[in-house]
Protein chains: 2
Amino acid sequence: MSVGHTGVTTDPVVSCGDEHEDCGIREVLDRIGDKWSVLVVVELAQGVRRFRQLQRAIPGISQRMLTLTVRRLERDGLVTRTVHPTVPPQVEYELTTMGHSLTYLVKALADWSAQHRDAIAQARQTWDAEHPDSGIR
Amino acid sequence: MSVGHTGVTTDPVVSCGDEHEDCGIREVLDRIGDKWSVLVVVELAQGVRRFRQLQRAIPGISQRMLTLTVRRLERDGLVTRTVHPTVPPQVEYELTTMGHSLTYLVKALADWSAQHRDAIAQARQTWDAEHPDSGIR
DNA sequence: CCGTATCCTTGCCGATACTG
DNA sequence: CAGTATCGGCAAGGATACGG
């Protein structure tokens, strides 16, 4: 099957077999595509963190959202949560093996972003200049 | 700098230099983390597509959302839009070189998803069983 | 310190109708 | 065919207050 484009790059053919199906792509994005999950994963990639540590390391996240995010990660088996029944209470979060495997993916995202950030920014400027009032933004 | 965790896997250290900054990660996710962008990219990875072709290939997408999605991709320089002034009108969409580079990333997402789908599903079952009524889901 | 509960705003997205 | 315009629902997420 020819890809039929004139571009320079070769094509990894991300097609999902022979069906026009949603691969598992949307599943991953529904999991880490939210506002905070990746940032939590990035921080936990550095090592074990406590709740407050995480919150301080991720500027702008609310207590509520940190709780929700970390709960969902725990539910999906990406993070472990260990409670130390001390006073005041201590709760430690750590990536599971699967959670660590995610960091490679996140690194790929970061790399792609770094490589194309400028090109995208410029493309936007150009497009915005050519389409002054277009609803999009 | 030590990573300080006891996990089994080696660590890609996704940290953003020495700052506790958001890498470009959120930028990418804001771009492709929406409901339809990746699916459009996946379809365009196969070759040039017209508007209706895209809509038929992506079940569930509305005309409005396809327009918005494809416009944003165009604005970001990931997709080209060429209008053939025929009657009825024909508009063809194609990935740019940068758009094609994105497909590698999408493939990485699909691969990770395929590898961990089962483990995640099971983790969820376990967690849900242990936390019958917890708001999360 | 580590959450949960509640309220409220925001904007994504779907449905529908209408143009060139 | 390939859009644009408008309305409305709904869920994500922020702010705040309270509890163990």
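In what follows, chains carry the letters A, B, and so on, assigned in the order in which the sequence lines appear, proteins first and then strands, with residues in each chain numbered from 1. In what follows, every heavy atom counts, from backbone to side chain, and hydrogens, waters and symmetry copies are set aside. Computed from a prediction, not measured in an experiment: that's the story for all the values here.
A straight line from CD of B/Glu74 to P of D/dG3 spans 9 Å, rounded to a whole angstrom. C/dT10 atom C1' lies 14 Å from atom CE of A/Met65, rounded to whole Å. Atom pair A/Glu92:CD and C/dC2:P shows a separation of 9 Å (rounding to whole Å applied). Whole-Å rounding puts the A/Leu66 CG to C/dC1 C1' distance at 13 Å. Atom CG of B/Asp34 and atom C1' of D/dA11 are 16 Å apart (whole Å). Atom CD1 in A/Ile136 sits about 10 Å away from atom P in D/dA5, given to the nearest Å. When rounded to the nearest whole Å, the span between CG of B/Leu68 and P of D/dA5 equals 11 Å. What separates NZ of A/Lys35 from C1' of C/dG11 is a distance of 12 Å, to the nearest Å.
Between B/Val41 and the choices B/Leu73, B/Val79, B/Leu105, the side-chain contact (heavy atoms from CB on, under 4.5 Å) rule is met once, by B/Leu73. For the pairing with A/Gln55, the side-chain contact (heavy atoms from CB on, under 4.5 Å) check across A/Arg50, A/Gln63, A/Met65 returns one residue only, A/Gln63.
Distances were taken from every side-chain heavy atom of B/Gln63 (C-beta onward) to each of C/dA17, C/dG3, D/dC1; the shortest belongs to C/dA17. With C/dC13, C/dG3, D/dC1 as the choices, the nucleotide that has an atom nearest any side-chain atom of A/Arg81 turns out to be C/dG3. Of the listed nucleotides (C/dC13, C/dG3, D/dG3), D/dG3 has the atom at the smallest distance from the side chain of B/Tyr93. Between C/dC1, C/dC2, D/dG3, one nucleotide has an atom nearer to the side chain of B/Arg71 than all others, and that is D/dG3.
For D/dG13, the base has a donor-acceptor partner in the side chain of A/Arg64 [N/O atoms by modelled type, under 3.5 angstrom].
No more than 12 heavy atoms of other residues, nucleotides or ligands sit less than 6.0 Å from atom CD of B/Gln122.
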task: Begin from the C-alpha positions of A/Arg26 and A/Asp30 and carry the test salt bridge (Lys or Arg N to Asp or Glu O under 4.0 Å) through to its verdict.
output: CA-CA 6 Å; A/Arg26 279 247 46 87; A/Asp30 288 341; 2.9 Å; yes
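B/Val70 and B/Val83 fall within the same hydrophobic cluster, where Ile, Leu, Val, Met, Phe, Trp and Tyr residues are linked whenever their side-chain heavy atoms come under 4.5 Å apart, directly or through other members.
Of the residues near DNA chain D, B/Pro89 and A/Trp36, the one whose nearest nucleotide (by heavy atom distance) lies more toward the 5' end is B/Pro89.
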